[in-house]
Amino acid sequence: MNPHDLDRMKNLLQRALPPLESGAELRRDLWPALLKRLHAKHAAAARCGSASIDWVWSGWTWFDSAWFDGALAVALVALIALFPASIPVLLYYL
Amino acid sequence: MRSDDSNALSQFRQGSPEAAEAAFESLFRLHQRAVYGWILRIVRNPSTAEELTVETFWRIHRARERFDPARGFEGWARQIATRAAFDWMRAQPSESELSTEICAELSAPATGDPAITAEIRLKTALAFGRLAPKLRIAATLAVVEELPQKEVAAALGISVAAVKLRVFRALRLLRNDLKKQGITP
């Protein structure tokens with residue numbers, strides 16, 4: 001597609017979907033809906049007893065963190081160094 | 001970052017539960033209109049944009065510990081909002097996203113080039129709705145809304161070059177789809 005085609009496609013797309021006016025006004029206050037959702041989250045946490053959703057999320061953050069990936073890589077290297085016979089098994093499963 | 005943002009953010013992240021909720025409400029009231037406007041530009045449907053604004057702030061609340069003050073709240077919120085819109089678009093069956101208002105708008109007589117009829121505009125909009133969400137978001141923001149590519153890249157969490165590539169791919173796929181329907185742009 002050459003630059004001329006690109007401009008024509010841009011023009012066509014702009015005609016098909018005109019840009020929206022900036023500064024769109026909200027039709028209603030969304031805070032009550034958000035509050036309801038947040039309270040539902042807290043209620044769910046209360047139902048789970050001491051294991052709150054926040055704990056689950058903080059656990060996920062911990063699990064997702066970069067250092068965990070690093071530790072996993074170190075463990076893998078150590079496994080290969082100590083048990084070279086495991087290489088074909090690892091390759092099979094990877 | 002504005003000082004009221006900064007105060008509210010520090011309360012939101014480190015304050016007591018009551019102070020955190022009050023700070024979160026203050027942040028919500030400060031930014032809800034901007035977040036709603038951003039999402040509306042992507043999804044082009046007021047009801048969906050409202051739902052996704054609530055979803056975005058819920059995600060912000062959930063991810064408050066990961067907030068980096070150096071990046072500023074607005075950019076962070078915009079990135080989360082874009083992700084929420086992307087998730088929503090991905091969950092929708094294609095071609096279902098043109099609201100009745102948009103269809104009515106497209107049926108109206110063209111105001112610009114008379115060669116571009118209402119039928120072509122409708123077919124273009126429908127073909128655009130069939131594109132992958134990640135291409136559609138990039139093209140909507142960069143081409144339709146004519147936002148700076150740097151701003152689009154920041155919201156999508158990709159480089160400016162990747163935005164250019166997505167826009168190019170979107171337009172090429174759109175042209176191919178229209179050609180199959182006998183429309184030569």
Side-chain angles (χ1 to χ4, degrees), chain A residues 1-70, chain B residues 21 24-25 28-29 32-41 44 46-47 49-51 53-58 61-63 65-66 98 102 105-106 110-113 116 120-129 139-140 142-147 167-168 170-172 174-176 178 183 185:
Chain A
M1 201 157 67
N2 60 42
H4 181 62
D5 285 345
L6 205 64
D7 286 342
R8 285 176 67 171
M9 284 308 303
K10 281 182 182 175
N11 182 40
L12 181 62
L13 188 58
Q14 282 168 343
R15 295 256 180 260
L17 297 170
L20 298 174
E21 284 174 25
S22 58
E25 288 297 332
L26 273 163
R27 299 180 303 182
R28 62 188 170 100
D29 181 17
L30 299 177
W31 177 248
L34 181 60
L35 209 56
K36 197 174 159 188
R37 191 154 177 194
L38 289 170
H39 288 163
K41 178 188 142 185
H42 291 312
R47 274 199 302 276
C48 293
S50 58
S52 73
I53 300 270
D54 280 335
W55 182 87
V56 175
W57 280 107
S58 62
W60 172 249
T61 309
W62 170 82
F63 191 77
D64 197 32
S65 57
W67 73 263
F68 183 77
D69 293 341
Chain B
E21 188 167 312
F24 184 58
E25 183 177 358
F28 177 81
R29 301 227 176 262
Q32 64 168 335
R33 194 166 155 248
V35 169
Y36 169 77
W38 180 261
I39 295 171
L40 186 62
R41 283 172 146 179
R44 310 180 79 79
S47 305
E50 283 176 359
E51 277 174 36
T53 304
V54 172
E55 169 70 24
T56 299
F57 277 94
W58 188 74
H61 189 273
R62 212 172 61 182
E65 283 166 13
R66 291 199 292 271
L98 286 181
I102 293 174
E105 203 178 285
L106 289 168
T111 49
D113 188 348
I116 302 174
I120 293 176
R121 288 189 295 143
L122 183 61
K123 282 186 173 173
T124 305
L126 288 171
F128 188 65
T140 302
V143 177
V144 177
E145 297 294 333
E146 296 184 295
L147 293 171
V167 169
F168 180 80
L171 295 176
R172 195 181 56 190
L174 186 63
R175 187 187 65 163
N176 292 347
L178 291 173
I183 299 167

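Here is the naming used below: chain letters follow the sequence lines, and residue numbers restart at 1 for every chain. Every value quoted in this text rests on a predicted model; they were computed, and no experiment measured them.
- For the set B:Val167, B:Leu178, B:Thr124, B:Val144, the entry with the most heavy-atom pairs within less than 4.5 Å of chain A is B:Val144.
- In this structure, chain A has heavy atoms under 4.5 Å from both the backbone and the side chain of B:Ser47.
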Q: Go through B:Arg29 and A:Asp29 one step at a time and tell me if the salt bridge (Lys or Arg N to Asp or Glu O under 4.0 Å) criterion holds.
A: CA-CA 9 Å; B:Arg29 301 227 176 262; A:Asp29 181 17; 2.9 Å; yes
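- Not a single ring-ring contact (aromatic ring centres under 6.0 Å, His included) links B:Tyr36 to another residue, sequence neighbours left out.
- Interface residue B:Phe57: backbone and side-chain heavy atoms are both found under 4.5 Å from chain A.
- Proximity to chain B (any heavy atom under 4.5 Å) is shown, for A:Arg27, by both the backbone and the side chain.
- Considering only heavy-atom pairs separated by less than 4.5 Å from chain A, the leading option among B:Glu145, B:Gln32, B:Glu25, B:Arg41 is B:Glu25.
- Under a 3.5 Å cut-off, the side chain of B:Glu50 and the backbone N or O of A:Leu30 do not form any donor-acceptor pair.
- When the salt bridge (Lys or Arg N to Asp or Glu O under 4.0 Å) test is applied to B:Glu146, no partner is found at least two apart in sequence or on another chain.
- Between B:Leu40 and A:Leu20 the shortest heavy-atom distance is O-CD1, 3.3 Å.
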